Amino acid sequence: MCGIVGIVSRNPVNQSIYDALTILQHRGQDAAGIMTCEGSKLYLRKDNGLVRDVFHTRHMLRLKGNMGIGHVRYPTAGCESSAEAQPFYVNSPYGITLAHNGNLVNAGALKEHLFREDLRHINTDSDSEVLLNVFAHELQRLGKLRINEEDIFAAVAEVHRRCRGAYAAVAMVTGFGIVAFRDPFGIRPLVYGRRETERGTEFMAASESVALDSLGFELIDDVRPGEALFLGADGSMAIRQCADHPRYAPCIFEHVYLARPDSIMDNVSVYKARLRMGEELAEKILRERPGHDIDVVIPIPDTSRTAALQLANKLGVKYREGFIKNRYIGRTFIMPGQQQRKKSVRQKLNAIDLEFGGKNVMLVDDSIVRGTTSQQIIQMARDAGARRVYFASAAPPVRYPNVYGIDMPTSDELIAHGRSVEEIAAEIGADWLVFQDLEDLVEAVRRGNPDITDFDTSVFTGTYVSGDVTPEYLQRLEDQRSDSAKEQRRLADHEVIELHNSA
């Protein structure tokens with residue numbers, strides 16, 4: 001889960017890209033980067049940290065040009081090296097930079113082929129650098145000094161044939177333009193829009209429509225699965241289907257948790273989808289416990305508020321804000337280590353005792369992943385005086401890892417993996433636990449756009465839409481993502497720093 005943006009403007013784009021990345025900060029808190037283009041010159045600033053910490057006035061002044069791309073990173077394999085901050089750059093051909101959201105499941109094979117056959121060197125462990133080099137190689141094969149938009153579309157078509165997995169990307173060809181493209185399943189989101197100015201039309205592509213809205217761009221459409229959008233430095237725009245067999249199957253977890261509620265993706269309002277999730281969940285509660293004794297519904301801020309409000313309305317129960325959030329603590333789900341994640345929960349939330357005292361409380365969250373956060377919040381509710389604590393998840397049980405760009409834990413670290421609902425309830429300390437049914441979740445989102453033929457629901461089912469995820473790949477991913485593997489890398493990095501400081 002990362003955030004990407006590309007803008008072709010009639011004015012300097014540095015501030016606009018900065019503002020867009022700030023709006024997309026919820027998609028990644030690990031690193032940020034901006035690359036701009038002025039004529040034949042490129043200007044880059046990237047580093048680990050939040051957008052506000054990476055870019056200072058001196059950096060912004062150096063980011064010259066009316067065209068550029070930006071990225072906020074969320075590490076999908078636990079890497080915390082600033083070398084993997086994006087955008088990435090290759091000088092041949094033409095000077096190309098790329099920012100990517102997603103994950104290639106055949107990155108290892110591609111990296112080997114790039115080295116042995118395409119004679120290209122990959123300097124990091126990032127699959128985004130692999131994607132960039134595949135795109136660059138396909139353009140270089142054309143052997144042309146000057147390219148046109150047809151050449152761009154041909155190169156993207158070859159990327160689709162070679163790359164497997166999820167990718168929404170923006171790539172900038174120096175002095176020529178920006179191309180935004182999306183994998184043939186449309187797993188990760190990508191939208192585009194226009195803004196009319198006195199100096200002419202400006203175009204923007206981004207992960208979520210809220211970034212366009214905030215900068216005054218009018219949403220045109222989504223980049224559809226397999227499509228490529230070309231935004232020329234001269235102000236032109238063209239779009240082309242580049243995949244042989246595209247299939248609309250976006251990641252449903254975007255609507256459950258990842259995206260902002262004020263975004264529209266794949267012509268579906270995230271806010272309305274979450275309202276419908278609350279309705280469907282309330283219907284299940286009424287089916288299973290028609291004589292429930294719930295006194296109050298309390299959301300776990302922020303993502304679950306929309307579903308919780310509609311759930312309370314449907315049940316005819318009071319809705320109350322029982323937890324106050326510290327705005328200066330990051331999203332717990334995307335913190336890099338389990339120890340840091342545990343530590344942050346009590347720092348992030350504080351209970352209002354009078355909303356809990358002597359009541360049967362229904363807590364609502366968007367999902368349950370590891371269960372440690374849910375466990376601590378349930379205990380906070382009890383400490384605040386709740387008589388009984390019920391728990392509702394707007395998503396089904398998360399039982400399998402994600403391979404398409406979300407750094408979910410390994411199967412053994414997911415609380416729902418291999419456990420019944422009753423066993424999960426006992427683990428997190430809930431008096432009663434209810435999960436959304438998968439078919440109800442799909443219906444809640446699909447109702448916004450019947451053209452969507454399928455969703456990636458792999459974290460709930462273990463079935464991956466690209467159809468090429470092997471047990472061996474899942475094992476390699478587990479070796480990278482497990483908390484023990486991340487801790488070993490952290491200790492190794494610490495030892496290197498200690499040796500450097502003592503030298």
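Every value quoted in this text rests on a predicted model; they were computed, and no experiment measured them.
Looking at E202 and R195, a side-chain N of the basic residue comes within less than 4.0 Å of a carboxylate O on the acidic one, giving a salt bridge. Ion pair E208/R27 flagged as a salt bridge, since at least one NZ, NE, NH1 or NH2 atom sits closer than 4.0 Å to an Asp/Glu carboxylate oxygen. Between R274 and D366 no salt bridge is recorded (no basic side-chain N to carboxylate O distance below 4.0 Å). Look at D222 and R224 and you find no salt bridge, because none of the NZ, NE, NH1 or NH2 atoms lies under 4.0 Å from a carboxylate O. Salt-bridge formation is not detected for the pair R387/D293: no Lys NZ or Arg NE/NH1/NH2 atom is positioned less than 4.0 Å from an Asp or Glu carboxylate oxygen. In summary, D437 and K284 engage in a salt bridge, as defined by a charged side-chain N under 4.0 Å from a carboxylate O. We find that E439 and R446 are not joined by a salt bridge, their nearest charged nitrogen and carboxylate oxygen being 4.0 Å or further apart.
Side-chain contact between M67 and V8 is present, with heavy atoms from C-beta onward closer than 4.5 Å. Looking at T22 and L50, their side chains never come closer than 4.5 Å, going by heavy atoms from C-beta outward. Two residues are said to be in side-chain contact when any heavy atoms from C-beta on lie closer than 4.5 Å; N106 and D468 fail this criterion. Looking at heavy atoms from C-beta onward, E129 lies out of side-chain contact with E84 at the 4.5 angstrom threshold. Here the side chains of L215 and I7 are in contact, with some heavy-atom distance below 4.5 Å. Within the 4.5 Å cutoff, the side chain of D456 has no heavy atoms near those of the I252 side chain. Under the 4.5 Å side-chain criterion, counting only non-hydrogen atoms from C-beta, P299 is in contact with E321. You'll find the side chain of P396 reaches within 4.5 Å of the side chain of L438, heavy atoms only.
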**Asked** Is there a side-chain hydrogen bond (donor to acceptor under 3.5 Å, both in side chains) between D266 and Y248 once you walk through the steps?
**Response** CA-CA 9 Å; D266 297 306; Y248 225 143; 2.8 Å; yes
Side chain to side chain contact (heavy atoms under 4.5 Å, CB included) between D19 and S214, worked out: CA-CA 8 Å; D19 292 343; S214 299; over 6 Å; no
Could you please spell out the steps behind the side chain to side chain contact (heavy atoms under 4.5 Å, CB included) verdict for D365 and S393? CA-CA 5 Å; D365 207 351; S393 168; 5.9 Å; no
- After noting the C-alpha distance and the side-chain angles of D183 and R164, does the key distance pass the salt bridge (Lys or Arg N to Asp or Glu O under 4.0 Å) rule? CA-CA 8 Å; D183 70 75; R164 299 288 177 265; over 6 Å; no
- Please report the C-alpha distance between Y404 and S466 in whole Å, then the side-chain angles of each, then the deciding distance to 0.1 Å, and finally whether the side-chain hydrogen bond (donor to acceptor under 3.5 Å, both in side chains) criterion is met. CA-CA 10 Å; Y404 298 128; S466 59; 2.6 Å; yes
### Query
Going through the distances and angles, do E280 and R276 end up as a salt bridge (Lys or Arg N to Asp or Glu O under 4.0 Å)?
CA-CA 6 Å; E280 297 288 354; R276 291 190 288 265; over 6 Å; no
Give the intermediate values and the outcome of side-chain hydrogen bond (donor to acceptor under 3.5 Å, both in side chains) for residues D412 and T410. CA-CA 6 Å; D412 290 343; T410 62; 5.6 Å; no
List the steps, then state whether side chain to side chain contact (heavy atoms under 4.5 Å, CB included) holds for I69 with V5. CA-CA 6 Å; I69 63 175; V5 59; over 6 Å; no
query = Checking side-chain hydrogen bond (donor to acceptor under 3.5 Å, both in side chains) for the pair E227/Q241: CA distance, chi angles, key distance, verdict?
reply = CA-CA 4 Å; E227 281 187 344; Q241 177 55 254; 4.7 Å; no
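Scanning both residues, P401 and L474, for their nearest heavy atoms gives CG-CD2, 4.3 Å. Across all their heavy atoms, C2 and R73 have their closest contact at SG-CA, 3.9 Å. Nearest heavy atoms, C242 versus A228: SG-CB, 3.8 Å. Closest of all the heavy-atom pairs between M265 and S207 is SD-O, 4.1 Å. Nearest heavy-atom pair, G186 versus P225, reported as atom, atom and distance to 0.1 Å: N-CB, 3.6 Å. Minimum interatomic distance between L98 and S128 (heavy atoms only, all atoms of both residues): CD2-O, 3.7 Å.
Judged by distance alone, the side chain of E423 and the main-chain N or O of S420 form a donor-acceptor pair under 3.5 Å. Side chain of N402 to main chain of V459: no donor-acceptor pair is present (N/O by atom type, distance under 3.5 Å, no hydrogens or angles). Using a distance-only test at 3.5 Å, with no hydrogens or angles considered, a donor-acceptor pair links the side chain of T470 to the main chain of Y473. A donor-acceptor pair is defined here as one N or O able to donate and one able to accept, closer than 3.5 Å; no such pair exists between the side chain of T97 and the backbone of F88. Formation of a donor-acceptor pair under 3.5 Å by the Q86 side chain with backbone atoms of H100 is found in this model. A donor-acceptor distance shorter than 3.5 angstrom exists from the side chain of D295 to the backbone of N360, with no hydrogens or angles considered. Judged purely by atom type and a 3.5 angstrom limit, Q436 uses its side chain to pair as donor or acceptor with the backbone of M277. Checking side-chain atoms of R399 against main-chain N and O of A416 turns up a donor-acceptor pair under 3.5 Å. A donor-acceptor contact shorter than 3.5 Å is absent between the side chain of K46 and the backbone of A31. In this structure, the side chain of H160 engages the main chain of G226 through a donor-acceptor pair within 3.5 Å.
Between the NZ atom in K348 and the CD1 atom in I324 there is a gap of 13.5 Å [rounded to 0.5 Å]. Interatomic distance, S209 OG to I220 CD1, rounded to the nearest 0.5 Å: 13.0 Å. With rounding to the nearest 0.5 angstrom, the CD1 atom of I368 is 11.5 Å from the CD atom of E427. From E196, atom CD reaches atom CD of E218 across 8.5 Å, with rounding to the nearest 0.5 Å. We find the CG-OH distance between L104 and Y167 to be 7.5 Å, quoted to the nearest 0.5 Å. Note: S9 OG to I17 CD1 = 9.0 Å, rounded to the nearest 0.5 Å.
Every residue meeting the ring-ring contact (aromatic ring centres under 6.0 Å, His included) condition with F135, not counting sequence neighbours, appears here in chain and number order: F181.
Aromatic pair F323/F356: ring centres closer than 6.0 Å. Aromatic pair Y257/H26: ring centres not closer than 6.0 Å.
Few gaps surround CZ on R289; more than 12 heavy atoms of other groups in view lie less than 6.0 Å from it. With a 6.0 Å radius and a threshold of 12 heavy atoms from other residues, nucleotides or ligands, Y271 has its OH atom at or below the threshold.
A cation-pi arrangement is absent between R388 and W432, since the terminal nitrogen or guanidinium carbon is not both under 6.0 Å from the aromatic centre and inside a 45° cone about the axis.
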